[in-house]
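None of these values were measured; they are calculated from a predicted model. Naming convention: chains lettered A, B, ... in sequence-line order (proteins, then strands); numbering from 1 in each chain.
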Number of protein chains: 2
Amino acid sequence: MAKQVYLFGLGTADGSVQMRNLLGGKGAGLAEMTNLGLPVPPGFTISTEVCTYYETNNHQYPEGMKEAVKDALRKVEEKMGLVFGDPEKPLLLSVRSGARVSMPGMMDTVLNLGLNDQTVEGLIKMGGDARFAYDSYRRFVQMYGDVVLGLKPTSKTEEDPFEVNIQEKKNEVGAKLDIDLSTEDLKDLVGRFKQAILSATGSDFPENPEDQLWGSIGAVFGSWDNDRAIAYRELNGIPDDWGTADNVQTMVFGNMGPDSGTGVAFTRDPATGEKKPYGEYLMNAQGEDVVAGVRTPLPLSDLKTSRPEIYDQLISTFQRLEDHFKDMQDVEFTMQEDHLWMLQTRTGKRTGFAAVRIAVELAEERLIDEKTALERVDPEQLNHLLRPVFDPEEKRTAIFQENRLLAKGLNAGPGAASGKVVFSAPDAEEWRSRGEKVILVRIETSPEDIRGMNAAEGILTARGGMTSHAALVARQMGKVCVAGCGALNIDYSQARMTVGSKEVREGDTISIDGFTGEVIAGDLSTRPSEVIQVLIEGSLKREKSAMFGKYQKLMQWADRFRRLRVRTNADQPDQARNAIAFGAEGIGLCRTEHMFFGESKITAMREMILAANLEDREKALAKLLPMQREDFRGIFRAMDGYPVTIRTLDPPLHEFLPHDEDKIIDLAASMGVDADQLKAKVKSLHESNPMLGHRGCRLGIFYPEITRMQARAIFEAACEVAKEGISVMPEIMIPVVFERNEFADQEKIVRQVAEQVFQERGMKVDYLVGTMIELPRAAITAAQIARDAEFFSFGTNDLTQTALGISRDDAGTFLPRYIETGILPFDPFQSVDREGVGELMKWGVEKGRTTRPDLKVGICGEHGGDPKSVEFCHEIGLNYVSCSPFRVPIACLAAARAAINDD
Amino acid sequence: MAKQVYLFGLGTADGSVQMRNLLGGKGAGLAEMTNLGLPVPPGFTISTEVCTYYETNNHQYPEGMKEAVKDALRKVEEKMGLVFGDPEKPLLLSVRSGARVSMPGMMDTVLNLGLNDQTVEGLIKMGGDARFAYDSYRRFVQMYGDVVLGLKPTSKTEEDPFEVNIQEKKNEVGAKLDIDLSTEDLKDLVGRFKQAILSATGSDFPENPEDQLWGSIGAVFGSWDNDRAIAYRELNGIPDDWGTADNVQTMVFGNMGPDSGTGVAFTRDPATGEKKPYGEYLMNAQGEDVVAGVRTPLPLSDLKTSRPEIYDQLISTFQRLEDHFKDMQDVEFTMQEDHLWMLQTRTGKRTGFAAVRIAVELAEERLIDEKTALERVDPEQLNHLLRPVFDPEEKRTAIFQENRLLAKGLNAGPGAASGKVVFSAPDAEEWRSRGEKVILVRIETSPEDIRGMNAAEGILTARGGMTSHAALVARQMGKVCVAGCGALNIDYSQARMTVGSKEVREGDTISIDGFTGEVIAGDLSTRPSEVIQVLIEGSLKREKSAMFGKYQKLMQWADRFRRLRVRTNADQPDQARNAIAFGAEGIGLCRTEHMFFGESKITAMREMILAANLEDREKALAKLLPMQREDFRGIFRAMDGYPVTIRTLDPPLHEFLPHDEDKIIDLAASMGVDADQLKAKVKSLHESNPMLGHRGCRLGIFYPEITRMQARAIFEAACEVAKEGISVMPEIMIPVVFERNEFADQEKIVRQVAEQVFQERGMKVDYLVGTMIELPRAAITAAQIARDAEFFSFGTNDLTQTALGISRDDAGTFLPRYIETGILPFDPFQSVDREGVGELMKWGVEKGRTTRPDLKVGICGEHGGDPKSVEFCHEIGLNYVSCSPFRVPIACLAAARAAINDD
């Protein structure tokens with residue numbers, strides 16, 4: 001084994017940020033800050049190799065390690081001018097785990113190490129407050145008992161002996177909160193704690209600091225193999241033999257007196273991205289006091305006047321950190337008297353707004369290049385710039401001035417929503433039908449709640465994670481969702497919930513922020529993002545929006561690097577125009593059936609379906625022809641110069657007829673047909689499994705006149721629009737093909753009609769005929785199909801349904817459970833299932849191009865807007881992805897990142 | 001180019017049966033008969049290479065070909081002592097096409113070539129009847145006009161000038177039938193025909209026989225490229241450059257006088273297989289007279305007394321042919337005065353009975369070996385030995401004595417059925433409900449007829465081929481079917497049909513033979529085949545049935561050669577016993593859900609489904625446990641020593657509940673639950689696409705207690721039966737898996753329960769846990785699944801449904817059309833779709849065995865009983881196929897043939 005113990009914070013460090021595998025993330029960071037010359041409390045890291053040795057050698061340490069620790073400790077003592085265990089000037093230590101990757105909360109930590117009846121007095125002598133010293137001592141004994149001596153309860157029914165003691169003490173002295181306990185009370189508690197340890201373990205609490213240290217080091221290494229950590233590693237695929245490092249570090253105190261203090265800060269504003277440090281601090285306080293919210297922290301800028309030299313030191317530190325890490329940092333710092341200590345630095349979390357602005361500005365500042373800027377923005381974060389948001393000022397006021405923040409859950413469905421609280425799905429539907437905006441609040445949701453979820457503006461649940469039923473369904477529906485908000489105490493029977501002492505009743509208004517997981521009491525106004533105001537609404541001039549400028553720059557860079565084209569799924573000219581504003585380069589899927597649902601069209605469609613023979617059917621189709629032609633004219637005009645992929649009729653015919661008895665009778669009356677006859681037709685069209693029924697090209701093969709009418713509408717429209725000087729590029733796409741002969745049958749009809757129309761009009765328009773690949777057999781026989789088909793477009797929704805044998809309509813009963821329990825790692829309808837559906841796609845692309853090397857291949861399932869799926873599409877060599885208009889920018893960014901990643 | 005013209009029938013022949021590519025099938029056969037020393041009318045074959053040259057060289061012949069033909073003709077004249085075109089002793093010729101493979105009726109033929117006004121008189125002088133001579137002349141001119149001069153109408157609206165002339169002549173002389181025309185009338189017609197040719201073509205009919213010959217040779221070569229032949233080649237994948245040969249042969253006449261005659265014969269009985277020549281003949285007649293049925297032919301045995309020397313010559317010829325071709329032959333012969341001419345020999349078609357008997361007996365006679373015997377029986381022909389048949393004597397009497405044969409259609413669904421005729425599907429249902437046995441007669445069937453088809457004993461249609469809707473659906477349903485019986489004249493409005501002069505009215509009884517396509521008036525009794533009587537009913541001793549003896553021998557040989565194991569799909573002990581009698585070597589699929597439909601079981605099952613919580617569900621499952629255990633005990637006992645694959649619960653739960661309002665109310669009353677609650681439950685279990693819904697392992701994962709109960713029932717039964725000294729081999733199979741984690745979840749439960757039961761019982765039983773591969777993703781991820789699964793069983797029904805995206809329940813609306821129009825070459829639910837589903841299977845086997853080289857793989861979809869699919873399963877290395885009990889012998893034979901083929 002190489003070196004086992006690595007010093008840091010001594011002006012120099014033995015390690016660096018490159019040594020993450022050996023030192024863990026925390027250890028490497030502390031070393032790196034030391035190397036930057038930043039004031040880090042001295043300490044040392046015991047390497048992960050020691051952990052592995054310890055775990056595999058019956059909890060023995062490798063030779064020389066104990067000596068190395070002692071040696072390192074001596075150097076830390078020297079540096080600090082303190083001595084570990086010294087009753088006058090005691091050095092106190094923390095012992096923290098730190099693995100190669102973050103495993104938050106899975107392993108153990110011991111703080112305030114080195115305290116005993118003697119050193120606690122030394123701490124007071126060194127300037128510490130007596131109550132603070134004894135509270136630290138009390139906490140240390142408790143923590144040591146829990147972590148090192150194993151007194152922590154392992155089940156909920158067991159009692160924590162320390163908490164029992166605290167409660168008893170409070171009862172004795174009439175204290176309500178911990179803070180009501182006096183120094184004497186705490187001193188007494190220390191004694192009781194030690195007694196509890198003796199009776200539980202049969203041994204005394206170790207007063208000797210050296211024993212404490214070795215106990216803690218062993219416990220932290222040992223926690224690598226506790227049940228939680230093992231489960232976490234299994235779930236995240238972290239190898240058991242990585243091990244954790246052990247960081248032993250000098251304790252520093254922000255609560256040493258009025259000149260001391262502690263704070264947290266971001267080097268730029270994490271909400272807006274503005275280049276201005278943002279943070280807060282408390283004087284005479286420790287880290288947990290800032291978080292606990294008992295005292296109100298002060299804004300960082302106040303430090304400028306109160307402690308200018310510290311402030312300047314901080315600002316230059318921030319600059320140092322950004323220069324070094326090339327990103328916005330989230331730091332913790334402590335002022336112990338006039339000394340500034342940097343306790344942590346890490347990449348700061350940020351909103352989507354901030355992500356875009358920071359990335360673009362860092363590139364403008366030449367700290368990073370454009371590729372790196374693109375890598376800094378998670379494509380999903382663009383949602384922040386596209387979905388409705390709360391007015392940021394109003395929200396800040398609500399939270400910070402009006403104290404209206406109720407709780408924070410998981411940001412499970414992006415967007416912002418306000419509405420009246422209801423506690424049941426039927427109520428949501430009913431209130432909605434009265435015109436109320438509602439937020440559906442449930443302990444957790446189940447498939448029965450789906451219609452209620454759809455009626456609500458947003459969904460808030462007390463239980464369940466990012467892959468719970470509520471979260472999955474909400475994201476699918478595009479609903480705002482905050483899930484797993486454990487602080488909520490929901491009482492259905494009383495139609496109310498409490499959060500701490502606050503109460504929310506049915507009908508009360510709340511606001512939920514699906515970007516942050518925040519739940520806020522009362523109303524907050526939502527508004528379209530600036531990007532939408534500029535691009536879609538035109539209500540904001542682009543030069544007036546700084547945000548838009550950054551967005552635009554980022555998207556331009558994305559366009560420069562991406563190799564995948566991005567198209568949109570759109571059936572209406574206005575949708576198509578929006579998509580172009582977002583950067584779409586064509587339509588990848590125009591569903592003609594959506595066009596049939598208009599008032600006059602559906603009537604003609606129904607006449608066609610009810611026609612007793614070919615002649616009547618052609619009469620009805622003749623009525624549809626001019627309407628379809630008009631639809632296509634609109635689309636072609638909107639997409640001047642861009643290709644438009646038009647899919648021929650797809651859904652089974654019964655979808656165009658009513659199914660309720662009453663509605664059938666009404667329809668029969670209005671169409672002047674016999675109701676029984678209509679009922680019989682509806683019955684005859686009924687299918688056991690319509691998803692696998694008479695649809696797609698199966699309709700076109702059975703009723704070639706339908707395909708003929710649609711082809712005619714397309715080519716007549718194309719000719720007419722082309723005559724206006726507009727560039728028209730129709731691509732006719734045949735759905736539900738599983739066999740080359742099916743495609744050939746429909747292709748022949750399309751080409752015949754094209755020739756007829758071109759002859760009639762005396763002109764020609766270039767066009768392609770291709771097919772959906774949405775059934776496994778189509779992918780498998782792609783080489784044959786590509787002999788005729790000029791392009792493929794993966795219909796990954798149906799491909800997922802058939803490859804996995806899952807009806808999406810019915811999956812709500814079991815799919816969320818699959819994802820929650822880890823049977824599937826994610827929802828295959830959201831992100832392409834690479835191992836199954838992805839293999840079929842790869843096969844389809846490869847085989848298709850063996851026959852037709854220039855085969856154009858795209859995707860038009862909803863996966864086309866999912867960043868991970870876009871990345872996959874890039875990897876397997878697709879030409880384009882197509883997605884809904886609002887996901888076009890996301891797909892563009894994902895495509896750029898995939899290309900950069902690939903270089 | 002090599003030799004172009006090949007003589008035959010001159011004592012020696014230039015060709016042989018090995019030269020099929022060059023001489024075509026017919027030419028090679030004629031050469032081979034010559035080589036055997038059989039009396040073949042002399043002639044010559046112009047090779048297929050000449051055809052190819054002719055087609056690609058603007059209808060020119062290769063150098064030297066004309067001379068070779070003339071030379072050959074001279075040799076034929078010499079041999080026959082006749083001269084082509086000679087007015088005294090004219091040689092007449094036929095010119096026939098004959099390609100490498102049979103293309104029946106696609107190309108052209110010219111007969112009686114060489115007739116003109118002079119030679120016709122020569123024909124009479126040589127002993128021919130004058131009327132016959134002029135009828136031949138008239139036919140020749142007509143045929144030459146049609147075939148060589150192109151007067152044959154190309155559409156139905158055009159009139160055939162020759163037929164017009166015949167009709168006019170008949171009107172003039174008051175003749176009804178052709179036969180009523182006198183010699184003079186025919187002579188006159190010849191003149192009118194020539195006139196018609198002159199006016200249509202502007203040229204005279206060629207009187208010069210040499211011109212006639214070259215015209216005919218060119219026409220026959222040219223017919224290789226007519227539209228019908230091109231279409232046929234495309235459909236059957238026959239390369240265009242194969243070409244046809246041209247056979248020029250001496251005409252011989254069985255109608256030269258009372259000593260002449262013609263006949264057809266089989267060297268063994270084609271119905272029973274008995275080793276006894278079977279045939280019939282007519283004196284003073286030509287081939288077409290035997291077929292036309294105007295005169296009643298005599299049985300071949302009569303020839304023994306009337307023409308003993310000819311008879312002996314024939315019998316020794318038969319022996320010669322069988323010795324040479326090693327199979328039963330179907331021959332045509334002509335006696336011209338005292339000369340016997342063999343015109344054709346080919347392998348004779350035969351019933352299933354005859355196929356088995358002939359194959360086994362030829363092997364016993366050592367003419368063929370056992371492998372060849374197995375290759376001689378089409379596995380589907382075994383149906384003849386397994387399905388109900390008519391009493392053969394009764395049927396022969398009905399046809400030959402009572403003249404009750406109405407017509408003959410296509411043998412579209414094997415079996416024998418008698419019943420009352422109905423002409424509509426609703427009538428079939430209604431009559432059936434009154435207890436009548438009915439035969440549904442339709443012009444053609446459509447999806448609306450399905451329930452009526454199911455109610456009928458058999459289906460008879462006037463239109464449609466072997467892949468028509470009627471044929472496909474009947475075979476799927478296991479119904480007797482005769483399709484495409486064009487002689488039927490069906491009049492729905494009068495509820496009757498006529499066949500020639502015979503009439504059948506609604507309610508009249510008819511009998512249809514699905515093995516032969518025969519439609520017979522009146523009732524015929526059906527009975528189980530002898531094999532069934534021996535093996536299943538035990539009503540016939542095996543030593544009393546010669547048929548059974550042959551069957552048994554064949555199956556023993558099959559067992560010796562096959563490498564695939566054959567199992568059965570069976571849920572009941574008696575099914576299992578039948579399957580063993582048929583040769584099954586285990587159960588490949590025991591569907592546990594079928595066991596739940598008994599009276600007491602369904603009640604407990606419903607209680608389980610309606611249970612509000614786990615506790616109630618476990619109570620209901622506890623009731624099911626002893627019943628399931630009892631089921632498994634029965635199965636294990638029946639399958640002593642054989643493996644039993646038991647599939648855990650598969651169908652969605654709603655299948656166990658009623659769906660009609662009334663039935664729900666009844667059930668609620670009988671179960672003592674609230675009707676509304678029950679309705680709500682039924683509604684909540686409803687699925688849009690149940691085929692892709694909450695079923696299979698998805699149930700077991702959601703309700704692990706169900707899997708637990710089933711596993712317990714299996715292992716308790718296994719222990720109990722094993723204690724009785726019976727060898728028990730359970731294989732637990734998890735359905736609807738698409739992901740390894742699903743399998744692992746269920747496997748863990750099964751193994752846990754097994755350990756529990758073994759501990760409780762103090763004993764162990766060997767078992768396997770494996771999975772169905774019935775979803776595309778399961779096949780794709782087979783490598784992962786095989787890490788845990790000990791065996792795979794392909795569920796090809798569901799795999800076909802999902803790979804092709806076709807719901808079998810709904811496919812009736814379009815799948816028959818697909819097959820009729822050739823979009824699909826066959827029904828993928830009947831025979832494995834190799835290109836799609838088959839690729840997934842191959843992938844599954846290969847990938848599965850990369851992880852687990854000894855992975856056992858089988859198939860339990862219905863394809864397991866389809867011979868083509870069995871062959872495929874052999875090819876891709878499956879270990880076993882599993883099928884319904886009655887298809888076990890078919891699968892065994894198919895497996896043997898596949899293995900032999902593979903050697």
Side-chain angles (χ1 to χ4, degrees), chain A residues 447-448 652 684-696 698-699 701-702 736 738-742 744-745 774-781 784 798-811 813-815 817-818 821-825 828 833 835-840 843, chain B residues 447-448 652 684-696 698-699 701-702 736 738-742 744-745 774-781 784 798-811 813-815 817-818 821-825 828 833 835-840 843:
Chain A
E448 290 95 70
S684 82
L685 290 175
H686 172 81
E687 294 184 312
S688 306
N689 295 291
M691 161 69 209
L692 308 175
H694 199 177
R695 50 182 287 253
R698 298 164 194 179
L699 287 173
I701 289 170
F702 218 78
V736 195
F738 66 71
E739 157 62 42
R740 178 193 180 186
N741 292 337
E742 290 176 299
D745 177 291
E774 54 187 329
L775 296 174
R777 194 182 190 274
I780 296 166
T781 62
Q784 288 96 294
D798 278 7
L799 198 55
T800 303
Q801 293 197 87
T802 46
L804 277 64
I806 296 182
S807 161
R808 205 175 169 183
D809 292 335
D810 304 311
T813 48
F814 59 90
L815 196 56
R817 170 86 69 107
Y818 267 41
T821 59
I823 286 179
L824 287 179
D833 155 42
E835 289 177 39
V837 173
E839 281 296 315
L840 285 171
W843 182 295
Chain B
E448 291 95 70
S684 81
L685 289 175
H686 171 82
E687 293 184 313
S688 306
N689 296 290
M691 160 71 208
L692 308 175
H694 198 177
R695 50 181 287 254
R698 299 165 194 178
L699 288 173
I701 289 169
F702 219 78
V736 196
F738 66 71
E739 156 63 42
R740 178 193 180 185
N741 292 339
E742 290 176 298
D745 176 291
E774 55 187 329
L775 296 173
R777 194 182 190 275
I780 297 166
T781 62
Q784 289 96 295
D798 279 7
L799 197 56
T800 303
Q801 295 196 85
T802 45
L804 276 65
I806 297 182
S807 162
R808 206 175 168 182
D809 293 334
D810 305 312
T813 47
F814 60 90
L815 196 56
R817 170 86 68 109
Y818 267 41
T821 58
I823 286 180
L824 287 180
D833 154 42
E835 289 177 39
V837 173
E839 281 295 316
L840 284 172
W843 182 294

Hey, what do you get for [atom1] ([X]) to [atom2] ([Y]), rounding to the nearest 0.5 Å?
| X | Y | atom1 | atom2 | result |
| --- | --- | --- | --- | --- |
| A:Phe738 | B:Ile823 | CZ | CD1 | 8.5 Å |
| B:Arg777 | A:Thr802 | CZ | OG1 | 13.0 Å |
| A:Ile780 | B:Leu804 | CD1 | CG | 8.5 Å |
| A:Glu739 | B:Glu835 | CD | CD | 6.5 Å |
| B:Phe702 | A:Thr821 | CZ | OG1 | 10.0 Å |

*Do the non-hydrogen side-chain atoms of B:Phe814 and A:Arg695 ever get within less than 4.5 Å of each other?*
no
_Counting C-beta onward and ignoring hydrogens, is there a side-chain heavy-atom pair between B:Leu692 and A:Leu692 closer than 4.5 Å?_
yes
*Using a cut-off of under 4.5 Å for heavy-atom pairs, which of A:Ile806, A:Asp809, A:Leu824 has the most such pairs with chain B?*
A:Ile806
*Tell me, out of A:Gly836, A:Ala803, A:Ala811, who's got the most heavy-atom pairs with chain B below 4.5 Å.*
A:Ala803
Minimal non-hydrogen separation, [X] against [Y], with atom names:
| X | Y | answer |
| --- | --- | --- |
| A:Pro776 | B:Pro776 | CG-CG, 3.7 Å |
| B:Met691 | A:Asn689 | N-OD1, 2.9 Å |
| A:Pro690 | B:Ser688 | CD-O, 3.3 Å |

_What part of B:Asp798 gets within 4.5 angstrom of chain A, counting heavy atoms only: side chain, backbone, both, or neither?_
neither
*In terms of heavy-atom pairs under 4.5 Å, which option from B:Asp833, B:Thr781, B:Val837, B:Val736 contacts chain A the most?*
B:Asp833
*Can you check whether B:Glu687's main-chain N or O pairs, donor with acceptor, with A:Asp810's side chain at less than 3.5 Å?*
no
*Let me see the working for A:Arg817 and B:Arg698 under side chain to side chain contact (heavy atoms under 4.5 Å, CB included), right down to the final yes or no.*
CA-CA 10 Å; A:Arg817 170 86 69 107; B:Arg698 299 165 194 178; over 6 Å; no
*asked:* Before you tell me yes or no, could you show the steps for B:Glu742 and A:Tyr818 under side-chain hydrogen bond (donor to acceptor under 3.5 Å, both in side chains), namely the whole-Å CA-CA distance, both residues' side-chain angles and the distance that decides it to 0.1 Å?
replied: CA-CA 9 Å; B:Glu742 290 176 298; A:Tyr818 267 41; 2.4 Å; yes
*Proximal component of A:Gln784, with respect to chain B [non-hydrogen, under 4.5 Å]*: side chain
